[in-house]
Every structure is written in C-alpha cells, then in structure tokens.
There are 2 protein chains.
Amino acid sequence: MEYTVQKLGLLAGVSTRTLRYYDEIGILKPARINSSGYRIYGQTEVDKLQQILFYKELGIHLDKIKDIVNSPSFDAAAALSEHREQLLDKRLQLDKLIANVEKTIASNEGRITMKDKEKFEGFKQKMVQDNENKYGKEIREKYGDDVVNKSNEKVLNMTQSEHDEVTKLSVDLLTTLAEAFKTGDPAGKLAQKAAELHKQWLTFYWNEYSNEAHAGLAQMYVDDERFTAYYDKDQPGTAKFLRDAIYIYTGMKQ
Amino acid sequence: MEYTVQKLGLLAGVSTRTLRYYDEIGILKPARINSSGYRIYGQTEVDKLQQILFYKELGIHLDKIKDIVNSPSFDAAAALSEHREQLLDKRLQLDKLIANVEKTIASNEGRITMKDKEKFEGFKQKMVQDNENKYGKEIREKYGDDVVNKSNEKVLNMTQSEHDEVTKLSVDLLTTLAEAFKTGDPAGKLAQKAAELHKQWLTFYWNEYSNEAHAGLAQMYVDDERFTAYYDKDQPGTAKFLRDAIYIYTGMKQ
DNA sequence: TTTAAACCTTTACGTTGCGTGAAGGTCAAT
DNA sequence: ATTGACCTTCACGCAACGTAAAGGTTTAAA
C-alpha cells in the first residue's frame with residue numbers, strides 16, 4: 001500500500017505538516033517522490049512512523065529519535081520490547097498520580113491529612129525521566145552521535161572478566177561509601193575515595209567521562225527513588241552523601 | 001509553611017524559572033513579596049500548584065489552566081474528581097498503546113498479521129483529546145472566558161422538563177438520521193433536518209453556537225471511536241454521513 | 001472540455017513553555 | 001569582611017510544529 005501525506009496522516013493521526021517536518025529534519029523520508037513532486041510513502045515508512053510515535057510517546061526528543069531509528073544497528077524488535085517496558089513504567093507512574101489525586105480528595109474531605117510533599121508524588125518521577133532524556137541529548141551534543149549507541153554496545157560486549165571487575169568495583173564502592181558515611185564528611189578522604197571508585201565504575205558504562213555528566217548522575221541518585229532506595233538501604237542519607245561527595249570530587253555544584 | 005522559589009520548586013519538582021514564568025503570566029502569583037523583593041509562597045499556592053500540575057499532566061494549555069484555576073467559580077473538589085476521571089481515561093489509552101506494542105511484537109514474529117491501521121491504535125485517541133483541548137481554547141478566544149464554565153453549569157442546572165426535551169430531541173435525531181442515511185444523500189431534505197435537530201440538541205449544551213464549532217464536533221464524531229460506535233450501531237457509516245450533512249448544513253468543509 | 005474542489009508543493013513567520021546566560025542585589029556562615 | 005548560595009530582572013534561544021500565502025496537480029462533475 002502506498003500513501004500520500006494526507007493518507008498517511010489520517011492513518012497515523014498526525015498532521016501533514018508533521019510529515020513534511022519529519023522529512024525536512026530527515027527523520028522520516030518518503031519512499032519516493034513522484035513525477036509531480038508528491039511525497040509517496042510505503043510499508044517501510046509506515047512501520048518507521050509507528051516506531052517514531054512510540055518514542056515520542058515516551059518523551060524522547062526528535063533528534064534523538066532520528067539517531068536511533070536511522071542507526072544502521074537499529075533493532076526494531078528490541079526497540080519494541082523496550083517500548084513495552086517503558087510504557088508499563090509509565091503506567092506505574094500514572095497509578096501513582098491517580099493514588100495522589102485520590103489521597104488529595106480524601107484529604108480535602110478531612111478523612112486523612114497530607115503533607116505538602118505528598119501532594120506532588122507522581123509528578124517528580126516524570127521530571128527524572130525528562131532529565132534522562134535531556135541527558136542523552138547533552139552527551140550526544142558534546143561527544144558526537146555515536147556515544148550513546150556505543151554505551152549500549154559496551155554493556156553488551158563486556159567480557160566475563162570485565163563483568164567480574166565491575167562487580168568487584170561496585171562492592172568496593174558500597175563498603176567504602178558506608179564507611180565514609182559514618183565520618184559525615186563528604187569532603188573527607190574516604191568520601192573522595194568513594195567518589196573516585198564511582199567514577200571508575202562509571203567508565204565501564206560510559207565511553208566518555210565528564211565532570212558535568214558525573215555530577216548530573218549524582219543528582220539523579222537523589223531524585224530517583226529507585227536509586228535512593230538502593231544506596232540508602234542500610235544507612236538512610238547515603239545517596240545524598242554520595243552526591244555531595246561527587247559534587248566536591250568533580251568541582252560541580254549543579 | 002512558607003516557601004521561596006527554590007524550596008517550592010524542589011517540593012513540586014519544577015524549576016525556579018517555571019515558577020517565575022507562572023508568576024509572569026499570572027497563573028500562580030506568590031502570596032507576597034518580602035522586603036528584598038523575594039517571592040514567598042504559602043499553603044494556598046502549594047495547593048494551587050498541585051492543581052496546575054494535574055491540569056498540565058492532562059495536556060491542558062497554560063492559558064486555559066489560568067482561566068480555570070483563577071475563575072471565581074472554580075471548585076477545587078470538583079476539579080479533583082474530574083482529574084481522577086481523566087487520569088483513569090489516560091490509563092485506558094495507555095493500555096491500548098501497550099496492547100498495540102504487544103500486537104506489533106507478535107506481528108513481527110509472524111504470530112499474527114496486522115493491518116496498517118491497527119499499528120496506530122492508541123495514538124489516535126490522544127489526537128482527539130488534543131483536539132478537545134484546542135477546541136476549548138478556540139471557543140474561549142472567540143466568545144470570552146466564561147463560556148466553557150457556563151457549558152458545564154448548563155448541564156448541571158438543567159431542569160427535569162429540559163432534560164426530557166433533550167432526550168426527546170436525541171431520539172428524534174436518531175430516527176431522522178436513520179431514515180436520511182437510507183437516502184444516501186447528505187444534502188437531501190431529511191439529512192439537513194437531522195443536522196438541524198443536531199444543532200438544536202447541541203444548543204442545550206452550548207450557550208454559544210457557531211458553524212465552525214458545529215462542524216468541528218461533526219469531525220470528532222468520525223475521529224472518535226466512542227462516537228462512531230454510537231452512531232454506527234445499527235447502520236455503519238452513519239457517523240460519517242452525519243458529519244457530511246453537518247458540513248453542508250453549516251457550509252463548512254474543514 | 002472546462003472548471004471547481006481537493007489535493008499537493010515550498011517558503012516563511014508565529015507560538016508555547018520554558019532553558020539558559022548575564023548582570024546584579026541579599027543573606028548566612030565562616 | 002568575604003564567600004557562596006540564594007534571590008532579582010531582562011533578554012535571547014529553542015523544539016515541534018501551526019498557520020497562512022502563493023502556486024502547481026489531480027479528479028470529478030457540469
């Protein structure tokens with residue numbers, strides 16, 4: 001089946017302007033241009049547009065989507081199952097928001113009381129997600145287009161010994177961090193050693209390292225409950241402590 | 001509890017820039033300005049910000065949110081239970097998308113086949129929602145700020161006799177439409193009578209009527225599966241037929 | 001056959017919701 | 001008294017299109 005801009009637009013629920021824009025920025029080129037200069041799309045483009053819309057739904061920026069779907073190593077099947085995971089995540093977040101609104105209603109009716117902080121639960125998660133998206137873009141801008149793809153490759157191509165090493169590193173990090181936390185001084189020797197170990201651990205996953213990126217990740221550890229829970233498991237406040245240590249280590253504040 | 005920009009920003013997960021912008025456009029003014037010119041927010045503002053974020057989550061534009069939350073007749077409790085409804089709707093839509101991605105995976109693995117149209121299920125619903133938002137904005141721009149609120153009031157304040165009348169109207173509409181559909185001519189007398197009845201029915205819900213708005217709604221009947229299912233129940237194609245009749249009746253095409 | 005409606009094209013300016021400096025004042029702690 | 005983390009007001013930048021404007025193409029009806 002072949003489609004003109006409007007046909008494809010109607011099919012997919014996007015405007016003709018959007019399709020022209022996607023052509024313009026090189027994210028979705030038509031299969032061919034007919035003799036009158038009309039854009040003609042085919043089966044490949046239909047499937048690609050679907051992928052694009054999935055990524056968009058997940059809040060990914062178009063330039064990032066472009067890199068992903070146009071990458072020669074793009075694996076549509078893998079992308080789809082990741083979409084599934086992410087959409088399920090998104091639903092969990094939505095459930096939090098629904099819980100929030102229901103709690104707020106109960107609170108307004110005087111049935112329960114609610115702290116200010118609780119009133120924004122479910123919103124924050126979204127912010128972390130946005131940061132992750134933005135983050136990927138920044139790396140891309142600073143270090144070129146292939147870094148993010150390479151990052152994934154790096155994990156996949158890790159040998160057994162590398163895997164062992166990284167595991168040992170993360171154990172070292174956790175014990176050092178636990179000891180450092182007891183000193184209470186994020187600028188102290190132990191804390192700075194922990195930050196250093198964290199950097200080493202990080203370089204297993206990133207090809208390029210930068211202070212900003214490191215500091216950014218540290219902040220994420222505090223913002224994202226999953227990470228906070230992981231680091232705070234034994235001693236609450238550890239995630240924050242690690243962040244402060246990294247701030248000092250990298251010389252960054254924000 | 002009192003908050004400065006950064007405190008409130010951290011609490012709610014928004015940037016300080018956002019809070020200043022919300023002040024600038026008049027959507028969320030601080031409770032007071034202290035002697036140094038700092039913005040100070042109180043309890044009222046915390047709750048209002050929560051409301052704003054709920055509306056934002058639902059994809060409502062800021063100028064519309066402004067109208068809503070600043071309206072003297074704004075009912076926070078009612079708004080919250082509407083948020084709940086909408087969030088539940090949103091979750092249903094997400095479920096559709098998840099079903100879509102799972103079907104696509106199955107299709108790629110050759111376990112099922114999938115029509116192009118099916119590949120975009122779950123996305124389209126969102127488009128309708130966006131149209132509704134845009135739509136409300138257009139009405140607001142054209143007829144002033146109170147029309148949308150009044151529209152809700154109108155439904156709530158309907159007397160029993162009015163309710164009976166509107167019920168009768170919708171029955172008339174359906175029978176006339178069914179007959180008109182058999183003629184196959186949306187410009188014909190019967191079809192135009194149906195369009196007229198539809199207009200009368202509409203004026204029970206809208207205080208202000210316009211050809212554009214009417215035509216817009218007609219298009220929605222075709223785009224939104226819930227409406228299509230309703231009108232096509234006995235004779236498939238009726239929703240489209242009604243749209244065409246309304247296009248002719250109103251003299252609109254798009 | 002012509003003519004109107006419904007397509008398509010490119011070009012180009014407008015919009016929303018902020019991000020991101022710059023330049024400078026305020027406050028708390030050392 | 002100085003440093004660093006706050007705060008302020010401009011003011012420009014940006015993404016992802018929306019929305020004409022001006023004009024060529026296709027289709028179907030008169």
Side-chain angles (χ1 to χ4, degrees), chain A residues 2-10 12-28 30 32-41 52-53 55-57 59-66 126-127 130-131 133-135 137-138 140-141 187 212 216 244 247-248 251-254, chain B residues 2-10 12-28 30 32-41 52-53 55-57 59-66 126-127 130-131 133-135 137-138 141 187 212 244 247-248 251-254:
Chain A
E2 297 205 313
Y3 299 93
T4 58
V5 270
Q6 197 169 48
K7 297 267 177 66
L8 183 56
L10 279 171
V14 301
S15 72
T16 59
R17 176 67 174 98
T18 299
L19 291 175
R20 292 198 192 94
Y21 181 63
Y22 287 179
D23 182 7
E24 186 187 332
I25 65 173
I27 193 174
L28 182 71
R32 61 188 179 84
I33 306 288
N34 79 2
S35 59
S36 312
Y38 290 16
R39 293 171 177 81
I40 309 292
Y41 298 88
I52 293 171
L53 293 183
Y55 280 112
K56 245 191 68 179
E57 180 68 26
I60 316 281
H61 284 283
L62 289 187
D63 52 352
K64 201 168 167 183
I65 299 180
K66 181 184 169 183
K126 217 192 160 192
M127 200 187 153
D130 290 349
N131 267 328
N133 295 342
K134 179 189 150 198
Y135 194 71
K137 187 190 160 197
E138 275 169 7
R140 217 168 274 276
E141 278 171 353
E212 301 99 80
D244 293 334
Y247 275 3
I248 292 158
M252 301 280 154
K253 52 182 174 177
Q254 224 252 61
Chain B
E2 295 205 316
Y3 299 94
T4 57
V5 270
Q6 198 169 48
K7 296 267 176 64
L8 183 57
L10 279 172
V14 300
S15 71
T16 58
R17 175 67 174 97
T18 299
L19 291 175
R20 292 199 190 92
Y21 180 64
Y22 287 178
D23 181 7
E24 185 187 333
I25 64 173
I27 192 174
L28 181 70
R32 62 188 178 83
I33 306 287
N34 79 3
S35 59
S36 313
Y38 290 16
R39 293 173 178 81
I40 309 293
Y41 298 89
I52 292 171
L53 292 183
Y55 280 112
K56 244 191 68 179
E57 180 68 25
I60 317 279
H61 284 283
L62 288 185
D63 52 352
K64 199 168 169 184
I65 299 179
K66 181 184 169 184
K126 213 192 163 194
M127 198 188 154
D130 291 349
N131 266 327
N133 294 343
K134 180 189 148 198
Y135 194 70
K137 186 190 163 198
E138 275 169 8
E141 279 172 353
E212 301 99 82
D244 294 335
Y247 276 3
I248 293 160
M252 301 281 154
K253 53 179 172 177
Q254 226 250 60

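Predicted, not measured: the structure shown is a model, and the values here were computed from it. Letters A, B, ... are given to chains in the order of the sequence lines, protein chains preceding strands, and every chain is numbered from 1.
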Rounded interatomic separation in angstrom, taking [atom1] from [X] and [atom2] from [N]:
X	N	atom1	atom2	answer
B:L28	C:dG17	CG	P	15 Å
B:E24	D:dC10	CD	P	10 Å
A:Y55	D:dA16	OH	P	16 Å
A:I40	D:dT25	CD1	C1'	12 Å
A:K64	D:dA15	NZ	P	15 Å
B:I25	D:dT9	CD1	C1'	17 Å
A:I52	D:dA16	CD1	C1'	13 Å

Given [options], the nucleotide with the shortest approach to the side chain of [X]:
X	options	answer
B:L62	D:dC17, C:dG17, D:dC7	C:dG17
B:H61	D:dA16, C:dC8, C:dT16	C:dT16
A:V5	C:dG19, D:dC7, C:dC8	C:dC8

(message) As a quick check of understanding, evaluate side-chain contact (heavy atoms from CB on, under 4.5 Å) for A:I40 and A:Y3, giving each step before the final call.
(response) CA-CA 6 Å; A:I40 309 292; A:Y3 299 93; over 6 Å; no
So do [Y] and [X] actually touch side chain to side chain, heavy atoms under 4.5 Å?
X	Y	answer
B:T4	B:Y41	no
B:D23	B:L28	no
A:K56	A:H61	no

(request) Using heavy atoms and a sub-4.0 Å distance, could you list which residues of residues 16-23 of chain A are near DNA chain D? By number, please. (result) A:R17, A:T18, A:Y21, A:Y22
(request) Please name all residues satisfying side chain to side chain contact (heavy atoms under 4.5 Å, CB included) with B:I33, sequence neighbours left out, ordered by chain then number. (result) B:P30, B:R39
(request) State which residues pass side chain to side chain contact (heavy atoms under 4.5 Å, CB included) with A:S35; sequence neighbours excluded, sorted by chain then number. (result) none
Does [X] put a side-chain nitrogen or oxygen below 4.0 Å from OP1 or OP2 of [N]?
X	N	answer
A:T4	C:dC7	no
B:R39	D:dC7	no
B:Q6	D:dA5	no
B:K56	C:dT16	no
A:K7	C:dA6	no

Show the distances under 3.5 angstrom between N or O atoms of the protein and N or O atoms of nucleotides 26-28 of chain C.
residue, atom, partner, partner atom, Å
C:dT26, O4', B:Y38, OH, 3.2
C:dT26, O3', B:S36, OG, 3.1
C:dC27, OP1, B:S36, OG, 2.4

(message) Tell me the closest heavy-atom pair linking B:Q6 and B:T16, and the distance in Å.
(response) CA-CG2, 3.9 Å
(request) Describe, as an angle rounded to 10 degrees, how the axis at the first end of the helix from C:dT1-D:dA30 to C:dT30-D:dA1 is tilted relative to the axis at the last end, five pairs per end. (result) 10°
(message) Using modelled atom types and a 3.5 Å cut-off, is there a donor and acceptor pairing between side-chain atoms of B:K66 and backbone atoms of B:I25?
(response) yes
(request) Nearest 0.5 Å please: distance from the NZ atom of B:K64 over to the CD1 atom of B:I60. (result) 5.0 Å
(message) Using 0.5 Å steps for rounding, measure from the CG atom of B:N34 to the CD atom of B:E2.
(response) 9.5 Å
(request) Applying ring-ring contact (aromatic ring centres under 6.0 Å, His included), name anything that partners A:Y55, two or more places apart in sequence or on another chain. (result) A:H83
(message) Here's a test for you: under side-chain contact (heavy atoms from CB on, under 4.5 Å), which of B:L62, B:I27, B:V14 qualifies with B:Y21?
(response) B:L62
